[in-house]
Amino acid sequence: MNFREQVCLIKENTVDLIQEEELLRRIEKKGSIRVKFGVDPTSPDIHLGHSVVLLKLRCFQDLGHKVVLLIGDFTAKVGDPSGRNKMRKPLSTEEIKANAKTYKEQAFKILSPEKTEVLYNSTWLSKMNFSRVLKLASHYTVARMLERDDFNERYHSKYPIGLHEFFYPLMQAYDSIALKADVEIGGTDQKFNLLLGRQMQKSYGQAPQVIITMPILEGTDGVEKMSKSLGNYIGITESPREMYGKLMSIPDNLIFRYFRLLTSLSEEKIQKKEEALSKGILHPKEIKKDLAKWIVTFYYGASSANMEEKRFENLFKKRKIPEELPSYCVHSCELKNDKIWIIKLLKLAHFARSGSEARRLIAQGGVKWDGKRIKDVELELSLDNGHILQVGKRSFMKIIKL
RNA sequence: GGGGAGGUUCCAGAGCGGUCAAAUGGAACGGGCUGUAAACCCGUUGGCGUUGCCUUCGGUGGUUCAAAUCCAUCCCUCCCCA
């Protein structure tokens with residue numbers, strides 16, 4: 001692949017690439033360049049949203065470039081104010097350490113460890129003395145700092161901005177100087193920080209880094225950005241089953257966005273699918289199945305993906321009861337005259353948290369016993385072996401007498 | 001330091017003496033429709049072997065036949081001015 005083609009591939013699906021020509025020049029000159037990606041070891045669980053940037057880094061690695069995974073163990077003590085309207089609470093050293101470890105493990109599901117250099121910014125930041133900090137700060141002005149959306153908003157709505165928070169972008173910029181980064185990549189929410197890195201490198205007599213921003217991925221609800229706290233995320237350590245199921249439940253308008261940002265399927269092939277969909281040749285469900293399979297295969301391999309696909313078809317399309325299901329053993333001491341009251345069983349099997357909830361489920365027609373809908377809340381069930389209790393459309397449990 | 005607002009059920013947020021297990025919205029759950037979805041429609045959302053009873057509206061005490069609602073006090077949050 002020639003250099004120009006490399007740049008085109010890198011550029012795919014990015015939001016910003018500043019400056020494209022500079023990127024080309026550096027690749028031509030060096031062959032292999034240093035791509036910086038900084039992570040905040042605050043929440044260790046990586047989800048598909050984070051994977052967008054990681055996959056782009058992987059793309060760099062596949063082209064023979066080096067990724068510098070920078071763990072912001074020092075900056076975590078400040079907390080990135082990006083997109084926040086509050087100060088973050090600083091983490092303890094132990095938490096940071098533990099998070100960094102988990103992060104690395106998860107990131108290497110995507111990145112190639114051989115082509116990744118892991119560094120910690122405490123290495124140089126903890127050695128900064130006050131005069132060096134002052135020098136760093138003198139290269140930037142308050143007014144420019146306040147241009148940043150989140151600071152601006154906080155400033156005008158009178159939310160407190162810790163003075164130390166101004167140092168977050170400065171420290172991040174200093175990291176680029178320390179690393180002599182050729183490229184820095186991040187989500188679009190990082191644009192300000194990334195640009196500042198460019199400017200500070202110039203102030204320190206270095207060639208300014210190329211910056212790349214990647215889109216922020218919407219979560220499974222299709223509206224909000226994917227995040228753990230909103231509960232609309234798909235974690236990369238989730239089981240193949242969860243992952244497949246969640247992917248199948250994303251809204252249709254997200255299918256191609258996910259294809260572009262989460263798979264390495266070529267743009268050309270994605271466009272073919274889009275076309276086939278709009279012409280009605282392909283059903284959206286089929287394309288979504290493809291997507292789910294792609295992603296599950298990436299993380300767990302083809303056999304897992306095939307298994308989940310089959311299971312899914314059986315469960316949802318054919319409405320069959322899955323072959324393997326969790327079971328619950330009823331202790332004989334719970335039985336009266338060899339029978340158990342349905343309400344009690346629902347509570348024991350954790351299908352309902354209270355008797356009232358169990359009654360509600362039955363009243364609403366959500367409970368089935370061996371496939372037959374239960375209507376009577378007073379029902380007493382006799383348990384010989386292997387009955388199946390179903391609540392809602394998807395939860396099944398085999399009930400066994402102990 | 002001075003002034004003001006407020007803490008209600010999962011969340012947001014009404015209620016301001018009885019008709020309140022508490023409006024409305026979000027979320028969740030169940031049913032329907034479907035492609036498994038989304039959207040949409042209907043229903044449910046304190047507990048109890050449940051036509052009735054019991055416990056909830058920041059904590060504690062009080063007024064009253066009756067308190068989420070009134071009073072006192074304590075705790076906590078937020079805003080404005082300095």
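Throughout, protein chains are lettered first and strands after them, A, B, ... in sequence-line order, and every chain is numbered starting at 1.
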Please measure how far the [atom1] atom in [N] lies from the corresponding atom in [M], and state the result in whole Å.
N     : M     : atom1 : result
B:G62 : B:G17 : C1'   : 15 Å
B:U19 : B:G26 : P     : 27 Å
B:G32 : B:A37 : C1'   : 15 Å
B:G46 : B:U9  : C1'   : 7 Å
B:A23 : B:G43 : P     : 15 Å
B:C40 : B:G35 : C1'   : 16 Å
B:G4  : B:U73 : P     : 16 Å
B:A21 : B:U69 : P     : 15 Å

How many whole angstroms separate atom [atom1] of [X] from atom [atom2] of [N]?
X        : N     : atom1 : atom2 : answer
A:Ile362 : B:U50 : CD1   : C1'   : 13 Å
A:His350 : B:C29 : NE2   : C1'   : 18 Å
A:Leu254 : B:A37 : CG    : P     : 17 Å
A:Lys289 : B:A37 : NZ    : C1'   : 14 Å
A:Leu282 : B:G35 : CG    : P     : 16 Å
A:Lys375 : B:G30 : NZ    : C1'   : 10 Å
A:Leu361 : B:G30 : CG    : C1'   : 7 Å
A:Leu277 : B:G35 : CG    : P     : 15 Å

Would you list the protein and nucleotides 20-25 of chain B atom pairs, both N or O, that sit under 3.5 Å from each other?
none

Can you name the residues that form a side-chain hydrogen bond (donor to acceptor under 3.5 Å, both in side chains) with A:Lys273, not counting sequence neighbours?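 side-chain hydrogen bond (donor to acceptor under 3.5 Å, both in side chains) check on A:Lys273 returns A:Asp290.
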
Using the side-chain contact (heavy atoms from CB on, under 4.5 Å) criterion, which residues pair with A:Thr263? Sequence neighbours excluded.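 Result, side-chain contact (heavy atoms from CB on, under 4.5 Å) vs A:Thr263: A:Phe259, A:Leu265, A:Leu291, A:Trp294, A:Ile295.
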
Residues forming a side-chain contact (heavy atoms from CB on, under 4.5 Å) with A:Lys289, sequence neighbours excluded: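 Applying side-chain contact (heavy atoms from CB on, under 4.5 Å) to A:Lys289 gives A:Tyr244, A:Met248, A:Lys285, A:Glu286, A:Glu309, A:Glu313.
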
Please tabulate, one pair per line, all N/O donor-acceptor pairs under 3.5 Å involving side-chain atoms of residues 352-365 of chain A, not counting sequence neighbours.
{"from": "A:Ser354", "atom 1": "OG", "to": "A:Glu357", "atom 2": "N", "distance (Å)": "3.1"}

Strand partner of [N], provided both Watson-Crick or wobble distances fall under 3.5 Å:
N     : answer
B:G25 : B:C11
B:A5  : B:U77
B:U60 : B:A72
B:C53 : B:G47
B:U36 : none
B:A66 : none

Can you list every side chain to side chain donor-acceptor pair (under 3.5 Å) pair that touches residues 53-64 of chain A, not counting sequence neighbours?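 Residue pairs passing side chain to side chain donor-acceptor pair (under 3.5 Å), neighbours aside: A:Arg58-A:Asp62, A:Gln61-A:Thr116.
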
Let me have a per-nucleotide readout for nucleotides 42-49 of chain B, 5' to 3', with B, S or -, counting only protein heavy atoms under 4.0 Å. -BSS-SBB

Test side chain to side chain donor-acceptor pair (under 3.5 Å) on A:Gln271 and A:Glu275 and set out the steps. CA-CA 6 Å; A:Gln271 277 174 14; A:Glu275 214 173 289; over 6 Å; no

For residues 123-130 of chain A, which side-chain N or O atoms pair as donor and acceptor with protein atoms under 3.5 Å away, sequence neighbours left out?
{"from": "A:Thr123", "atom 1": "OG1", "to": "A:Tyr120", "atom 2": "O", "distance (Å)": "2.6"}
{"from": "A:Trp124", "atom 1": "NE1", "to": "A:Asp175", "atom 2": "OD1", "distance (Å)": "2.8"}
{"from": "A:Ser126", "atom 1": "OG", "to": "A:Ser122", "atom 2": "O", "distance (Å)": "2.5"}
{"from": "A:Lys127", "atom 1": "NZ", "to": "A:Thr123", "atom 2": "O", "distance (Å)": "2.8"}
{"from": "A:Asn129", "atom 1": "OD1", "to": "A:Ser131", "atom 2": "N", "distance (Å)": "3.3"}
{"from": "A:Asn129", "atom 1": "OD1", "to": "A:Ser131", "atom 2": "OG", "distance (Å)": "3.0"}
{"from": "A:Asn129", "atom 1": "OD1", "to": "A:Arg132", "atom 2": "N", "distance (Å)": "3.0"}

Base orientation of B:U73, syn vs anti, 90° cut from 0: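 B:U73: anti glycosidic orientation.
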
Closest-nucleotide mapping onto RNA chain B: is A:Val391 or A:Met248 further toward the 5' terminus? I mean the 5' end.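 Between the two, 5'-proximity favours A:Val391.
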
Strictly under 3.5 Å: I want the nitrogen or oxygen pairs between protein and nucleotides 51-54 of chain B, one per line.
none

Smallest separation among heavy atoms of A:Leu379 and A:Ile374, with atom names: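 Result for this residue pair: CD2-CG2, 3.9 Å.
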
With sequence neighbours excluded, give me every salt bridge (charged side-chain N to carboxylate O under 4.0 Å, His left out) pair touching residues 370-387 of chain A.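 Sorted pair list comes back empty.
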
Pairs under 3.5 angstrom only: tabulate donor-acceptor contacts from the side chains of residues 8-22 of chain A to other protein residues two or more places apart or in another chain.
{"from": "A:Lys11", "atom 1": "NZ", "to": "A:Glu20", "atom 2": "OE1", "distance (Å)": "3.0"}
{"from": "A:Asn13", "atom 1": "ND2", "to": "A:Arg260", "atom 2": "O", "distance (Å)": "3.1"}
{"from": "A:Thr14", "atom 1": "OG1", "to": "A:Lys11", "atom 2": "O", "distance (Å)": "2.7"}
{"from": "A:Asp16", "atom 1": "OD1", "to": "A:Lys191", "atom 2": "NZ", "distance (Å)": "3.1"}
{"from": "A:Asp16", "atom 1": "OD2", "to": "A:Thr213", "atom 2": "OG1", "distance (Å)": "2.6"}
{"from": "A:Glu21", "atom 1": "OE2", "to": "A:Arg4", "atom 2": "NH1", "distance (Å)": "3.4"}
{"from": "A:Glu22", "atom 1": "OE1", "to": "A:Arg25", "atom 2": "NH2", "distance (Å)": "2.9"}
{"from": "A:Glu22", "atom 1": "OE2", "to": "A:Arg26", "atom 2": "NE", "distance (Å)": "2.8"}
{"from": "A:Glu22", "atom 1": "OE2", "to": "A:Arg26", "atom 2": "NH2", "distance (Å)": "3.1"}

Verify the neighbour count for atom CD of A:Glu268: are there more than 12 heavy atoms of other residues, nucleotides or ligands below 6.0 Å?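 Counting neighbours around CD of A:Glu268, 12 or fewer heavy atoms of other residues, nucleotides or ligands fall under 6.0 Å, so no.
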
Using a 6.0 Å cut-off, check whether atom NZ of A:Lys115 has over 12 heavy atoms from anything other than its own residue.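 Result for NZ/A:Lys115: enclosed.
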
Please tabulate, one pair per line, all N/O donor-acceptor pairs under 3.5 Å involving side-chain atoms of residues 332-349 of chain A, not counting sequence neighbours.
{"from": "A:Trp341", "atom 1": "NE1", "to": "A:Val377", "atom 2": "O", "distance (Å)": "2.8"}

